[in-house]
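Structure first, then comments.
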Amino acid sequence: MNSRRLVWRIARLVEIRDETPSARTLVLQIPGWPGHLAGQHVDVRLTAEDGYSTQRSYSIAAPADGERVELTVQRVPDGEVSPYLTEELTVGDEVEIRGPVGGWFVWRPNGTAPVLLVAGGSGIVPLMAMIRARRQAGSRTPFRLIYSLREPGERYYAEELRLPHPGLDVTYLYTRAVPDGWARPAGRLTIADMNTGGWPADFGPECYICGPTGFVETASDILLAMGHDARAIKTERFGPTGG
Amino acid sequence: MGFVSRGFRGRPRDEGVKLPPGQYLVHDFPVLSAGPTPRVPLDRWEFAIDTEDGQTHRWSWQELMALPAETPTVDLHCVTKWSKLGTDWKGVSLDTLFADVESSAEYALVYSYGGYTTNLPVEDLLDGKAWIAYQFDGEELAAAHGGPARLLVPHLYLWKSAKWVQGIRLMNEDWPGFWETAGYHNYGDPWREQRYQGD
Ligand SMILES: Cc1cc2nc3c(=O)[nH]c(=O)nc-3n(C[C@H](O)[C@H](O)[C@H](O)COP(=O)(O)OP(=O)(O)OC[C@H]3O[C@@H](n4cnc5c(N)ncnc54)[C@H](O)[C@@H]3O)c2cc1C
């Protein structure tokens with residue numbers, strides 16, 4: 001058990017990468033950062049001049065790398081925090097962060113069971129940390145990623161996922177608009193998608209599902225119907241709607 | 001002077017609403033759980049209280065429905081930062097369920113269909129503070145929100161209100177549950193912002 005106290009630390013924004021027109025990766029430098037596991041998240045706290053403050057959770061997008069922590073934030077229209085993080089915050093600015101949080105939705109590079117990652121929209125973020133952790137560790141654990149999103153322009157980490165990763169298969173599912181010549185018509189995740197892009201239950205994969213609540217419910221119900229063990233299905237739910 | 005986030009103003013504040021520190025108000029009902037949603041058929045549903053002496057008290061679904069129900073209106077505070085105010089529930093008070101239970105145990109481990117567990121002191125379950133709830137907003141409780149029945153202990157962070165509740169084990173020793181073992185606070189009082197161990 002981890003009894004380390006989670007203190008608020010000052011993080012400085014050192015780099016910004018645009019992922020899509022409405023999502024950006026924030027690279028933060030956090031003195032004293034204790035390290036983290038792929039899949040964990042942080043709490044971000046913003047404080048106004050009058051002392052009002054509010055907090056939100058954000059998944060960490062990359063494996064531990066000293067004092068650097070990467071988040072990818074999707075701008076939610078009319079949101080209180082995400083527009084600030086994606087539009088207002090600039091390199092050199094500071095935010096308060098504490099973490100890492102969450103010891104359940106994690107993948108450790110010494111894992112040997114095949115892994116199925118199922119992402120809905122920005123739910124890709126903690127799963128990308130797992131993909132990057134696998135590569136960083138030189139792990140040969142077979143990974144399959146099913147990434148559902150509205151349309152091709154909403155892909156995060158598009159360049160990086162285009163590169164060949166031996167042992168990682170990526171399937172994109174589009175729910176609203178598909179690229180020209182794309183065989184699968186636009187539509188929500190189905191059991192057929194999970195059969196094609198995932199693993200048979202008797203391979204005993206570890207399954208990680210992350211995204212909006214409705215997506216996570218659908219994906220986990222499909223895996224149960226396919227005979228996957230409920231204990232091998234880990235879920236993280238990001239928000240009420242979207243994705 | 002504490003930390004200020006340059007250029008952050010936040011939402012207009014409704015001074016009339018007091019929330020626990022670090023929480024924000026929502027009007028929908030988000031879902032938090034660590035795995036798939038279990039589906040429990042009512043004809044096989046059962047709720048149990050197991051005492052420290054090995055006695056078990058059991059209720060079938062019909063027996064639970066036959067007990068006097070209450071309709072509490074309570075505020076919910078989730079550790080993932082959202083709060084939802086004035087939610088309407090229907091369920092059986094744990095005072096009613098504990099009426100014939102003989103126990104002097106101080107700790108409870110609540111367990112659920114699907115394997116979830118959470119711990120809390122027995123006194124936090126009694127004196128009108130907790131219910132086995134089976135209706136939300138006048139409707140049967142949806143499986144995603146813990147139906148057919150969940151524990152409702154609104155004065156603690158919502159992970160203590162175990163969904164898909166199956167039973168309560170009474171113990172002389174405190175035994176950390178699922179999130180409590182994963183680094184979350186053992187007690188979880190939102191007003192003292194007890195989110196994580198050490199808070
Ligand atoms: C464990 C965890 C990890 C998370 N990781 C990430 C992450 O890596 N990247 C990321 O971008 N977000 C992540 N989130 C979501 C994030 O915490 C915020 O909820 C999100 O940024 C919206 O905050 P906001 O203040 O901008 O909007 P709010 O002011 O809180 O909400 C504004 C409106 O948008 C709705 N809304 C809230 N969240 C969403 C959403 N996700 N999609 C659509 N509508 C929404 C609300 O219901 C409300 O009506 C995570 C959440 C959790 C619990």
Side-chain angles (χ1 to χ4, degrees), chain A residues 1-8 10 41 43-57 78-81 84 88-90 93-96 98-106 207 209 213-214 216-217 219-221 223-224 228 230-241, chain B residues 1-15 19-39 78-84 113-116 142-145 159 164 176 178-186 193-199:
Chain A
M1 203 193 294
N2 175 4
S3 56
R4 198 165 45 205
R5 195 161 173 260
L6 294 179
V7 295
W8 288 103
I10 308 273
H41 63 270
D43 287 351
V44 173
R45 179 165 72 183
L46 301 181
T47 305
E49 299 248 353
D50 65 358
Y52 166 79
S53 82
T54 192
Q55 303 177 22
R56 297 291 186 280
S57 301
D78 302 322
E80 184 172 37
V81 170
Y84 178 86
E88 178 76 23
L89 203 68
T90 58
D93 279 346
E94 294 175 330
V95 286
E96 285 185 293
R98 71 172 183 158
V101 181
W104 169 249
F105 193 82
V106 296
C207 306
I209 309 173
T213 293
V216 171
E217 286 293 306
S220 52
D221 286 349
L223 289 176
L224 290 176
H228 288 266
R231 285 163 302 180
I233 305 173
K234 299 188 175 180
T235 62
E236 184 98 282
R237 291 159 163 98
F238 266 19
T241 53
Chain B
M1 178 63 209
F3 183 89
V4 172
S5 311
R6 183 192 61 76
F8 176 70
R9 278 186 307 262
R11 285 242 166 77
R13 263 74 86 191
D14 182 345
E15 302 298 342
L19 293 178
Q23 294 293 111
Y24 65 93
L25 203 55
V26 300
H27 298 285
D28 49 12
F29 192 170
V31 171
L32 173 87
S33 28
T37 296
R39 304 286 193 288
C78 178
V79 72
T80 65
K81 323 284 174 341
W82 56 266
S83 292
K84 185 172 171 64
Y113 293 95
Y116 181 77
H145 289 303
W159 89 78
W164 316 298
F178 179 84
W179 289 117
E180 294 82 4
T181 312
Y184 285 80
H185 198 275
N186 198 51
E193 206 173 0
Q194 294 173 333
R195 295 181 197 277
Y196 311 120
Q197 273 171 41
D199 279 355

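Here is how names work: the chains are called A, B, and so on, in the same order as the sequence lines, proteins then strands, and each is numbered from 1. All values reported here derive from a predicted model rather than from experimental measurement. Keep in mind that the numbers below use all heavy atoms, side chains included, and drop hydrogens, waters and symmetry copies.
For the residue pair B:P36 and A:A230, the shortest heavy atom distance occurs at CD-O, 3.7 Å. Nearest heavy-atom pair, B:T37 versus A:L224, reported as atom, atom and distance to 0.1 Å: O-CD1, 4.4 Å. Pairing each heavy atom of B:R11 with each of A:Y52, the nearest pair is N-CE2, 4.5 Å.
Note on ring orientation: taking the six-membered ring where Trp is involved, the planes of A:Y84 and B:F8 are perpendicular (angle over 60°, cut-offs 30° and 60°).
At a 4.5 Å heavy-atom cutoff, the contact between A:E94 and chain B is made by backbone and side-chain atoms alike. In this structure, no portion of A:I209 lies under 4.5 Å from any heavy atom of chain B. Contact annotation for B:W179: only side-chain heavy atoms (C-beta onward) come within less than 4.5 Å of a heavy atom of chain A. For a residue to count as touching a neighbouring chain, one of its non-hydrogen atoms must lie under 4.5 Å from one of that chain's; by this rule A:D221 touches chain B with the side chain only. Heavy atoms of B:R6 lying under 4.5 Å from chain A belong to its backbone as well as its side chain. Only the side chain of A:H41 comes within contact range of chain B, judged by heavy atoms closer than 4.5 Å.
Under the rule for a side chain to side chain contact (heavy atoms under 4.5 Å, CB included), the partners of B:V79 that lie at least two apart in sequence or sit in another chain are B:Y157, B:W159, B:Y184, B:R195.
Between chain A and the residues B:G115, B:A143, B:G22, B:P38, the largest count of heavy-atom pairs under 4.5 Å involves B:G22. Note on A:E217, A:R231, A:Q55, A:E236: by heavy-atom pairs under 4.5 Å with chain B, the leading option is A:Q55. In terms of heavy-atom pairs under 4.5 angstrom with chain A, the leader among B:G114, B:P21, B:G7 is B:G7. Contact tally against chain B (heavy-atom pairs below 4.5 Å) for A:V101, A:V95, A:L223, A:T54: the top residue is A:V101. Note on B:L19, B:D199, B:T80: by heavy-atom pairs under 4.5 Å with chain A, the leading option is B:D199.
One N or O on the side chain of B:S5 and one on the backbone of A:T47 form a donor-acceptor pair closer than 3.5 Å. Listed for the A:W104 side chain is a donor-acceptor partner under 3.5 Å among the backbone atoms of B:A34.
Two residues are said to be in side-chain contact when any heavy atoms from C-beta on lie closer than 4.5 Å; A:S57 and B:K81 meet this criterion. Using a 4.5 Å heavy-atom cutoff, the side chains of A:R98 and B:Y196 are in contact.
More than 12 heavy atoms of other residues, nucleotides or ligands sit less than 6.0 Å from atom CG of A:D50.
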